[in-house]
Amino acid sequence: MDSEMTLRLERLLEQVARPARYTGGEVNEVKKDPVPGQTRFCFAFPDTYEVAMSHLGMKVLYDAVNREADLSCERVMMPWPDMMDGMKAAGIPLLSLETRTPLSGFDAVGFTLQYEMSYTNILAMLELGGIPLLGADRNETDPVIIAGGPCAFNPEPLAPFIDAFLMGDGEAATPEMLRAIGLCRRSGRSREEVLRCLADVPGVYVPRFYAPQYNENGCLTAFSPAVPGVPAAVRKRVELDLDQAVFPESIPVPFTEAVHDRIVLEIMRGCTRGCRFCQAGMVYRPVRERSTEKLLRLAEKLVASTGYEEMSLSSLSTGDYSGLLELIRGLNERFSEKRVSLSLPSLRIDGELREALKDSAQVKKSGLTLAPEAGTQRLRDVINKGVTEEDLLRTVTEAFLSGWDSVKLYFMIGLPTETDEDLLGIAGLARKVVGCYYALPKGKRARGVKVSVSASTFVPKPFTPFQWEGQDSLEEIRRKQALLRGALNIRGVTFNWHDPELSFLEACFARGDRRLGRVLARAYALGCRLDGWQEHFSFDRWMQAFNEEGIDPAFYASRGRGKDELLPWDFIDIGVTKDYLWLEKRRAENAQTTPDCRQGCEGCGLRRFEGVCRA
Amino acid sequence: MKMLVVFEKKGLMRFIGHLDLQRAMQRALRRGDLPVEYSQGFNPHLLLSFAAPLSVGVIGEKEIMEVPLRERIEEETFLSRINSVLPDGLKALRVRSLPDDHPAAMAGLFAAQYLIQPQGDWAPLPSRVPDFLKQDSIPYLRRTKSGEKMDDLRPMLYNLIPRENGLMATLALHEQGTAKPEALIKALADFAGVTVPPCLVTRLQLLDRRFAPLEDA
């Protein structure tokens with residue numbers, strides 16, 4: 001970057017809100033000197049800095065790549081509109097935080113796909129970074145654009161824009177991909193050849209080498225390799241041993257506060273509970289724990305290297321971690337002197353754990369969050385959420401006894417088979433929770449109680465037993481929200497609900513196919529970006545985009561699929577089989593539950609992956 | 001016991017806000033394993049006090065913070081340890097250990113000296129300074145929490161000297177009044193009849209009532 005542009009950038013930084021989002025230079029930032037033969041990678045987070053710096057996956061991959069002498073990893077995020085417009089006006093391209101290199105100057109740029117509604121940000125970042133939006137328009141000097149993360153499990157709506165997707169765990173796979181890219185580029189291969197090499201890396205999907213076919217109804221009928229040698233089924237990557245997998249001992253510490261600004265320890269990956277709406281519960285199987293000793297060692301190094309005053313534990317189901325008590329005691333022993341507080345996610349607080357928590361005043365008593373997801377036992381059985389009302393009310397009572405005064409209850413509306421009775425059950429449950437508080441004698445409870453009920457709209461996701469279900473129409477969701485608003489008019493209870501229009505678009509893109517790429521490009525051209533931020537979201541513009549492309553969003557969001565329909569993500573092998581998911585769907589229809597598979601193998605299909613299942 | 005720390009905030013660090021600076025200092029003190037005193041109570045935290053917050057974008061050459069300590073530590077040890085863990089752009093220049101009952105630096109603060117460096121063409125400004133200073137009052141619109149308010153800049157402007165690389169100004173920074181360098185440059189530009197140039201502002205030092213460096217008080 002020349003000095004003249006540096007000046008323009010500094011001038012701009014003086015004018016925008018929260019400029020520290022764009023400067024880098026944080027403690028523990030890794031700034032490598034470029035050396036010949038080094039492959040330069042930029043990790044791109046398609047949301048703001050505050051969101052990005054809360055994300056553990058970015059910090060893990062940043063470390064995994066920067067540990068390698070022949071690779072380097074820098075970071076870039078989505079600028080806020082004031083910065084975005086300022087950069088465009090000043091002719092400044094999107095730059096990496098570390099070395100202020102334009103995005104177009106890297107060998108590879110990798111987007112993490114955490115949320116469907118961040119897709120327009122990817123296009124905005126590519127454009128500002130000086131990279132052609134469409135893979136087909138890129139040449140040999142343009143970076144290779146890769147992507148991974150949970151939404152990569154249905155990559156098709158992004159197929160026109162992303163050169164290669166990684167399915168599954170990225171710790172080992174990301175450096176492998178970057179080496180393949182670097183090696184090919186340095187030996188002067190064509191773009192096509194670079195991508196062909198990438199397709200040979202296990203877990204990698206290169207969309208241009210596959211061709212979909214549709215019937216007259218618009219349904220997918222075939223999806224197969226268009227070039228010889230690429231795999232017909234792409235199997236996800238799995239880190240078998242989390243103690244061996246890379247985990248950072250130091251992480252960049254943002255100056256400007258991130259949404260979650262603390263040390264995060266990933267204690268476990270995967271979940272065996274089998275909630276039928278939950279994509280993470282299926283795609284991250286099998287369950288793998290990181291050992292308590294390893295975690296305590298990592299915690300010590302992270303506290304020393306960052307100076308953070310807060311730590312949290314991360315997993316899909318922290319209460320299931322087998323060494324939880326030992327871990328919490330170990331963390332308290334080491335850090336209570338240093339005033340490092342531990343924030344725990346919502347989990348069952350049983351007797352023993354309550355004792356461990358009591359030992360330490362360092363555990364933050366933030367609100368208790370519980371997710372019954374549905375209002376009646378019947379519907380909880382349908383979704384296989386193994387929580388009974390009795391469990392829930394006991395947990396809440398324990399919490400009130402331990403001094404908590406606020407409880408958040410998360411529900412979904414629009415779940416398969418849902419009736420108005422199920423919805424009214426949400427209000428009934430909220431009433432009982434308030435009742436638990438008033439049942440305690442005055443001296444034993446906090447003063448005043450706050451119960452907040454949040455209802456999101458159910459979005460059917462790929463690789464779940466509900467992947468065939470239609471989403472409720474917008475009118476139906478609005479009717480259900482209104483019904484709940486009336487029923488939840490209870491003293492001490494507040495009710496929050498999500499914008500159903502956003503959930504409708506999520507449903508389109510979650511199960512979309514390659515044709516939706518046109519809608520995405522059109523929506524971006526019409527000005528859509530930062531769709532996850534309410535002040536920037538425009539449903540009308542999105543509907544205009546669907547309209548102009550002649551694509552019916554209801555085909556993707558609202559339509560139920562049949563057992564035999566080929567789904568756009570069927571070519572990905574996550575371990576769990578389509579037959580098993582269908583079996584689970586049938587059980588759901590009969591409100592028949594499936595036990596946690598640690599009590600016995602349910603035959604989900606993961607055993608085909610050698611050595612991965614501990615059950 | 002407490003430690004008075006004189007530090008600079010420059011480079012990229014001029015873009016971090018006051019709350020960000022507080023957090024950055026707290027975390028550095030923790031990384032350096034310095035014997036700081038925490039507050040009592042449910043959420044114990046470090047009680048740092050800064051003499052005066054610095055606006056985002058402004059460089060600070062001699063900023064001041066006070067760190068309460070729970071045990072004695074040599075000044076040189078403190079200085080070298082904190083500097084080994086501070087990010088680029090933040091640097092402790094000197095430290096002074098003081099008894100707990102020593103008056104807080106903030107209490108003695110009266111003014112600050114700034115170097116204002118206009119970017120681009122500012123040739124007409126220096127020659128207008130003498131006349132500008134001859135005014136009995138310099139009305140200006142001051143932004144407050146509740147909106148805008150007319151105020152007089154003149155009694156809060158203690159001196160203004162054109163230098164080769166910019167304008168050196170001493171402005172009030174106390175409870176009765178605070179004037180910002182941005183307001184001064186706007187008033188001067190208006191007076192000279194030119195558009196307000198963008199400026200790089202450096203706070204050179206904090207001063208007490210005698211216009212002596214605050215850190216020596």
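No experiment lies behind these values; they were computed from the predicted model shown. Here is how names work: the chains are called A, B, and so on, in the same order as the sequence lines, proteins then strands, and each is numbered from 1. When reading the values below, keep in mind they use all heavy atoms of this one structure, side chains included, and skip hydrogens, waters and symmetry mates.
- Most heavy-atom pairs under 4.5 Å with chain A: of the set Met13(B), Arg31(B), Arg14(B), this distinction falls to Arg31(B).
- Distance check, rounded to the nearest 0.5 Å: CD of Glu14(A) to OG of Ser55(B) gives 12.0 Å.
- For the pair Asp20(B) and Thr256(A), the tightest heavy-atom approach, listed with the atom from each and the gap, is OD1-CA, 3.4 Å.
- The number of heavy-atom neighbours closer than 6.0 Å to NZ of Lys180(B), taken from other residues, nucleotides and ligands shown, is 12 or below.
- A side chain to side chain donor-acceptor pair (under 3.5 Å) with Glu309(A) is found for exactly one of Gln26(B), Arg27(B), Arg23(B), namely Arg27(B).
- Contacts between Asp261(A) and chain B at a heavy-atom distance below 4.5 Å involve backbone atoms as well as side-chain atoms.
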Run the numbers on Phe15(B) and Glu10(A) for side chain to side chain contact (heavy atoms under 4.5 Å, CB included), then give the verdict. CA-CA 9 Å; Phe15(B) 293 114; Glu10(A) 300 251 324; 4.2 Å; yes

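- With a 4.5 Å cut-off on non-hydrogen atoms, Arg18(A) does not touch chain B at all.
- Under a cut-off of 6.0 angstrom, the local environment of NZ in Lys9(B) is crowded, with over 12 non-hydrogen atoms contributed by other residues, nucleotides or ligands.
- Separating the CG atom in Leu90(B) from the CZ atom in Phe255(A) is a distance of 6.5 Å, to the nearest 0.5 Å.
- Minimum heavy-atom separation, Gly24(A) to Leu12(B): O-CD1, 4.2 Å.
- Heavy-atom neighbours of Glu535(A) CD from other residues, nucleotides or ligands within 6.0 Å: above the threshold of 12.
- Atom CD of Glu300(A) is surrounded by more than 12 heavy atoms from other residues, nucleotides or ligands within 6.0 Å.
- The 12-atom threshold is exceeded at CG of Asp85(A), counting heavy atoms of other residues, nucleotides or ligands nearer than 6.0 Å.
- Atom CD of Glu148(B) has more than 12 heavy atoms from other residues, nucleotides or ligands within 6.0 Å.
- No more than 12 heavy atoms of other residues, nucleotides or ligands lie within 6.0 Å of NZ in Lys408(A), so this atom counts as exposed by the packing criterion.
- Contact annotation: the side chain of Glu26(A) never approaches that of Pro87(B) to less than 4.5 Å [non-hydrogen atoms, C-beta and beyond].
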